[in-house]
Every structure is written in C-alpha cells, then in structure tokens.
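Down below is the structure, laid out as structure tokens.
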Amino acid sequence: MTMLHLQNLFSLKTRVPTTKLFSENSTHFSSKFPYKVRPMKTSHLTLGIDHGIDSSSSFIKALSDHQGDVLAKNGIGIVDFFEAKNLFVTGATGFLAKVLIEKMLRTTPKINKIYLLIRAKDKAAAFDRLTSEIIESKLFKCLKEMHGGSYESFIRSKLIPVVGNIHEPNLGMDIIISQQIAQEIDLVVDSAANTTFDLRYDLALDANVNGSYQLMMFAKKCKNLKLLIHYSTAYANGEREGLLYEKPFIMGESITKEKLTSHSPSAKFPSLNAANELDFVSKLKNSIKNNEFKKIMKELGAERAKLYGWHDTYSFTKAMGEMVIDSMRENIPIVIIRPSTITTSYEQPFPGWIQGLRVIDPAIVFYGKGDFPGVLADPNCLVDVVPVDMVVSATMSAIAKHGYLQSPELNVYHVASSYVNPLSSSQLLNYSYEFFSSFPFVNSKGDQVKVKKMKYFDNMLDYSNYISKELLKQHDEVGELTHEVEHSKMQRLFKRKVEYLKNFSKVYEPYGFYKGWFHNGNMQKLMEDMSEEERKSFDIDLSKINWRDYFIGIHIPGVKEHVLKGKIASS
C-alpha cells in the first residue's frame, strides 16, 4: 500500500503517465514469452546463499554462527559498499526514491553516479525536473547545509537525469545512452509504479507488470550488475490472513489457488499468468470501441483481482510484477522490498517530511476538516505504517548485505510494523482527535473546526446513511446563513462530498477490515547484522516508535506543513 492515491480524487501527480497502451509500435511480453516456474523457496539462511546441502548440518550452523559473530562486531559495511558504485534509479522524482537519493548522497558521499530515469519530452525538460523536483526540494536542505556553496556542483556531479519511460522497450532511453549506462551500473533500484488503488486495468498492467518486464530486459544487458532492488508492497499479500511471511510470488500461483488447495489438495483452479492477462486486455482493446473499453477496464481490474484473491487492481498488479521479475531473473540477484503504508520521515533527514497525501492522510485531513465523521472499519484492525526514512535505511542495508554476497537468488523484505509494534485503527484516529482538538483547522470563515470522536461502521448501508445525515446537518447549519444562490452551491457541494466519501470508503474498505499482519524476520536479521554505528545511521528499529508521539508530534504536523503548506484546509 506504498504511496497510494485514489484516481480522480486528488490533483496529485503520479510517477506514471496515462499514455496510450498496446499500440502497434510498443513492445509487451506475451504468452510467447518463455518463463520458468521456479520451486517456491524463501531465503532464510544466515548467509543468504543456496548451498545445495542440508542447511541443518553442523557445517552450515557453524558457518552461520561465525558470520553472525563477525557481522555483529564489524557490521554490514553499508557506507563502504556504496563507494564508487554507479546506480540506476527509476521513479526518481517520486516520494520514496527522492528520500533514498538524499540519504545516499548524505551518508555515502563517495558514491559515483546515480542515473535517474525521468519522464520528460527531452533532455532539457529532464534537467528542469531534476532542478525543480530534487535539487531545489526542501528535502535536500540538510545536504545543502553540509556542502554550502558547493552544494549544486556536488549534486550535479552525482545525479545524471536520463529521459525515459519504464513502460517502453529499452525503458524509453536513447539507444547509445542506454548502452553506456548498461556498461557502467552496478545497481538498479526500481521505484517506478502507478499506485492508484482503482486504476483502469490496462494502465495498471502497463505500469506494474509490463514495466517490470521492460526493466528486466534492460537489467540483462547490464554486465556488471551486482543487484536489482524492486519496490513492491506488503499488501501484495492480498487476501491472505494471519501472520504473513516474506515469501516470493511464483508465476502461476494465486491467493485463491492457495486457499483452495489448502482445503482440498486435489482442487483445480486456473493458474495466474501475467502474460495472459496482458494478452487478454490487448485483444479487448482491439475489439471494443475506446469509450466502452475504458469503462470495461475500470471494472475489470477489480474483478480479476478478486477472482485471484487480491483486494484491488494495485496490489494485484504489483504481485504480478513480482512474478515477472522472479520468472526472468536467471542469475541476477534480486531484493524485493515490500513496505506497508509509507508515512512521513521519523528522524532523517529531519522529522515530518512527506510528498503528497499518502494512503491514510486523506482520512486524517477529512476528519480534521469535519468532513469525515464516521469510518467504515473495525476499530481493532491493524493499520500498518512505516516512516519513509526507515524504508530507505532498510533498502540501503539490504543493498549492501546482498550486494556483497551477490548470490543469484531472490530475497523478500517486509518493511512493516504490525508484527513488532502494532497500531490499531482506533489508536490512529484517537491520536488524530487529540491533535485536532488542540490544533484545529480554521475554515474559510475564520471559525475553528471542532472534531468529534470517530464512529465506526461494519457495513456500507449504515455508514452511508450516517455520513449523509451528519453532512446534511452541517450543510443546513451553513445554509441558514447564506443567500439562495450560495445555498444552491452548498447543496451541490454537499452531494459531491457524500458521493466522494462513499467511493473513498468503498475503495479503502478491505484495508479497514484487513486480517493479516506482516512478519519481518529478514529485516530483524538485517538489524542484527549491523554494527552499533550502522544501527544509528541506518535506523530500522520500528519497535521503538511511540505512535502517539509520532502522529501528534511528527506526522500530522508534517502533512500540514509539506502538503497543505499552511493553506486554509476547511471550506
């Protein structure tokens, strides 16, 4: 549920364009693409190496214990690993990638080059985006203070913008430039995705599935590649319940198939094949008129997701993206990072930084404005959140660990808090109540907005009736003080608010009653491998966070400062 937006609800830029898909000149992998179905294997060995011998043997145990002792004393060697390395980063202007770039430049300044894939019409436009969205971003203020007058020359010597598009063959790059990059890079960090929950199925497939295919095709040209890091989401686990382990997705599997075979091993269910999904959509596009096709795609994603055991188009296509990477990886070492809901920075480079409204933030803001009096959710349901700087620290630590090993396997990391530091829906909204009671929004008339304790509902009918009644009450109170023309406008606004909240709650409903929590054993092992100094500089200890202090003192103030930017937030 990393970096999620609702389509048509916020005028926020996403990292992926809604470009024309499946054109005659665009290349997509089809059912003709030969993929390998790998046996299910999760890497939990201390060395992260598939030795091909019994891991319970005394030899492996002794070797593992020895490595553990060495790592505990000397650490992973994170800073040293990045020295002189060349990286290629997709989705470079997005929330998560920007924090990663800042952290690498600040903590590992001897890194060589970071090539940034940027969607732009030409090189000049890519440089403009680099300047406005990265170099001049408030996020980089600590780096600017460190370097003073040499800041811009330093950062421009490290960051190289490259025009491209993750959906296209060769990632949309100029052939000569892509060949040069392929010869130079040591690491690929894939942060490009479309994170809209209810995106049209064709667009989601192109961004999150075809994008993974095009990335792997490029990665195979990189002869010095030591590791490929792919950002997925913990919610790619779909409708699985209970304690969810860090196991990879294999092409052909699905959550529905898992459930059926666990109850009846002989039960048959169609295999999930990412190539077939792309072919299916492509054929529909060629046989249906454009307007009708778009309507069908809006519904089809949710239908296909639910059929195979996922909640929505986003988590479904992200899981398929993982399958594509696994099926194509051959000897490329892969690390898949699955964050849960990414929130404001906890400490680094400074507390509270965020870009755009993320997942839980619309609900918090609506609540503070008095427009969200009730929620369709279980008050005891776990809300899994993780500060962005801890996701970045986990990423850099995992890169170093597996970059040193260079073992040709796939490792999955749940960067999530629900297993080590659970937070419930009611706790989150109680902290929001506490914050807005002390620091209320001020509406357009200059009045402070008073919030009430949140009410919880377990069905859409009761919820819809309640919010309609509550918002109508607000509307009538305002309506008594307005002229007839203004009253008519308020009436239209009221109807839009009610419809919006219904749609909003429908999309988020599965997560308001989510029944899983994420085991993060690999991240815990990563923390054990760090030296004391690394644990301070690359903090990933989610268990120590006091959620009340974080939301009241860091997260909500951060959203107000960096997203709402001090504007009047209530109408």
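These numbers come from the heavy atoms of this one structure, side chains and all, not from hydrogens, waters or symmetry mates. Just so you know, these numbers come straight off a predicted model, no measurement behind them.
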Looking only at atom types and distance, does a side-chain atom of Lys85 sit under 3.5 Å from a main-chain N or O of Phe81, one as donor and one as acceptor?
yes
Note: Pro339 and Ser232 closest approach over all heavy atoms is CD-O, 3.3 Å
Where does the angle between the aromatic ring planes of Phe366 and Phe372 fall among parallel (under 30°), tilted (30 to 60°) and perpendicular (over 60°)?
perpendicular
For residues 134-144, tabulate all N or O donor-acceptor pairs below 3.5 Å that involve a side-chain atom, not counting sequence neighbours.
{"unit_1": "Ser137", "atom_1": "OG", "unit_2": "Leu139", "atom_2": "N", "d": "3.2"}

Judged by atom type as modelled, is there a donor-acceptor pair below 3.5 Å linking the side chain of Thr90 to the main-chain atoms of Ala192?
yes
Answer whether the closest heavy-atom distance between the side chains of Ile364 and Leu428 falls below 4.5 Å.
yes
Check whether any side-chain heavy atom of Val163 sits under 4.5 Å from a side-chain heavy atom of Ile118, and report yes or no.
no
OH on Tyr433 to CE on Met454, rounded to 0.5 Å
12.0 Å
Can you check whether Phe95 and Trp353 have ring centres sitting under 6.0 Å from each other?
yes
Stepwise, does the side chain to side chain contact (heavy atoms under 4.5 Å, CB included) test hold for Ile556 with Phe436?
CA-CA 9 Å; Ile556 304 177; Phe436 289 115; 3.9 Å; yes
Could you tell me how the ring of His555 sits relative to the ring of Phe551: parallel (under 30°), tilted (30 to 60°) or perpendicular (over 60°)?
perpendicular
Please round to the nearest 0.5 Å and tell me the distance separating atom CG of Leu526 and atom CD of Glu534.
9.0 Å
Quick one: closest heavy-atom pair of Lys369 and Phe441, and the distance?
N-CD1, 3.6 Å
Can you tell whether the side chains of Glu434 and Arg548 come within less than 4.0 Å, N to carboxylate O?
yes
With a 4.5 Å heavy-atom cut-off, do Leu87 and Met104 have their side chains touching?
yes
Ile545 backbone acceptor or donor facing Asn421 side chain under 3.5 Å:
yes
Do Phe504 and Tyr508 have ring centres separated by under 6.0 Å?
yes
Counting N and O atoms only, with roles assigned by atom type, does the side chain of Asp384 sit under 3.5 Å from a partner on the main chain of Ser418, one being a donor and the other an acceptor?
yes
Using the ring of each side chain (for Trp, its six-membered ring), is Phe457 parallel, tilted or perpendicular to Tyr463, with breaks at 30° and 60°?
perpendicular
Any donor-acceptor pair under 3.5 Å linking the side chain of Glu246 with the backbone of Gly521?
yes
Which is it for Thr131 and Arg156 under the side chain to side chain donor-acceptor pair (under 3.5 Å) test, yes or no, and what are the steps along the way?
CA-CA 9 Å; Thr131 301; Arg156 289 194 186 277; 2.8 Å; yes
Closest non-hydrogen contact found for Ile467 with Lys502 is CD1-CG, 4.2 Å
Answer yes when Glu322 and Arg338 have at least one side-chain N-carboxylate O distance shorter than 4.0 Å, and no when they do not.
yes
Is there a side-chain contact between Lys113 and Leu159 in this structure, where contact means two heavy atoms from C-beta onward sitting under 4.5 Å apart?
no
Heavy-atom closest pair, residues Met530 and Ser397
CE-OG, 2.9 Å
Apply the test side chain to side chain donor-acceptor pair (under 3.5 Å) to residues Asp206 and Tyr201: give CA-CA distance (whole Å), side-chain angles for both, the deciding distance (0.1 Å), then the verdict.
CA-CA 9 Å; Asp206 203 40; Tyr201 193 35; over 6 Å; no
Aromatic Phe82 / basic Lys110 pairing, under 6.0 angstrom, 45° off normal:
no
Pairwise side-chain contact, Leu542 with Met523, heavy-atom cut-off 4.5 Å (strictly under):
yes
Given His414, which partner from the list Asn522, Asn520, Asn237 fulfils the side-chain hydrogen bond (donor to acceptor under 3.5 Å, both in side chains) test?
Asn237
Does this structure show an ion pair linking Lys455 with Glu470, if we count only N-O contacts that are shorter than 4.0 Å?
no
Closest heavy-atom contact between His311 and Pro510?
ND1-CB, 3.3 Å
Give a yes or no on whether a salt bridge exists between Lys98 and Glu102, defined as a side-chain N under 4.0 angstrom from a carboxylate O.
no
Does the side chain to side chain contact (heavy atoms under 4.5 Å, CB included) test come out yes or no for Ile229 and Tyr413, once each step is laid out?
CA-CA 11 Å; Ile229 301 89; Tyr413 284 81; over 6 Å; no
Just checking, any donor-acceptor pair under 3.5 angstrom between side chains of Asn459 and Asp462?
yes
Working to the nearest 0.5 Å, report the span between OH of Tyr500 and OG of Ser505.
9.5 Å
N-O pairing of Asp202 and Arg200 below 4.0 Å:
yes
I'd like to know if Arg535 and Asp539 make a salt bridge, using a cut-off of under 4.0 Å between side-chain N and carboxylate O.
no
What about the rings of Tyr456 and Tyr466, do their centers lie closer together than 6.0 Å?
no
Donor on one side chain, acceptor on other, Tyr550 and Thr344, under 3.5 Å:
yes
Under 3.5 Å donor-acceptor, Ser345 side chain and Phe350 backbone
yes
Take Ile337 and His230 through the test side chain to side chain contact (heavy atoms under 4.5 Å, CB included) and record every step on the way to the result.
CA-CA 6 Å; Ile337 305 287; His230 171 74; over 6 Å; no
Tyr514 side chain reached by Leu382 side chain, heavy atoms, under 4.5 Å:
no
Looking at Lys544, I want to see if its NZ is surrounded by more than 12 non-hydrogen atoms of other residues, nucleotides or ligands under 6.0 Å.
yes
Quick check: closest heavy atoms across Tyr235 and Ser315, and the distance to 0.1 Å?
O-CB, 3.3 Å
Are any non-hydrogen side-chain atoms of Val89 and Ile114 less than 4.5 angstrom apart?
yes
Point-to-point distance, once rounded to the nearest 0.5 Å, from CG of Leu429 to OG of Ser424
9.0 Å
Is the side chain of Thr343 donor-acceptor paired with the backbone N or O of Val385 at a distance under 3.5 Å, no angle test?
no
Is the backbone N or O of Thr317 less than 3.5 Å from a side-chain atom of Asn208, with the two atoms forming a donor-acceptor pair by type?
no
Between Asn165 (side chain only) and Leu171 (backbone N and O only), is there a donor and an acceptor less than 3.5 Å apart?
no
Begin with the C-alpha distance, continue with both residues' side-chain angles, and end with the deciding distance and a verdict on side chain to side chain contact (heavy atoms under 4.5 Å, CB included) for Val335 and Leu228.
CA-CA 6 Å; Val335 168; Leu228 184 146; over 6 Å; no
Would you confirm whether Ser150, through its side chain, and Ser153, through its main-chain N or O, come within 3.5 Å as a donor-acceptor pair?
no
Atom pair OG (Ser432) and CD (Gln427), whose distance is rounded to the nearest 0.5 Å:
11.5 Å
To the nearest 0.5 angstrom, please state how far the CD1 atom of Ile76 sits from the CD1 atom of Ile399.
11.5 Å
Arg129-Thr93 side chain donor-acceptor pair, cut-off 3.5 Å:
yes
Check for me whether Lys103 meets the cation-pi criterion with Phe538, that is, NZ or CZ under 6.0 Å from the six-membered ring centre and within 45 degrees of the ring axis.
yes
Centres of the Tyr245 and Phe518 rings: under 6.0 Å?
no
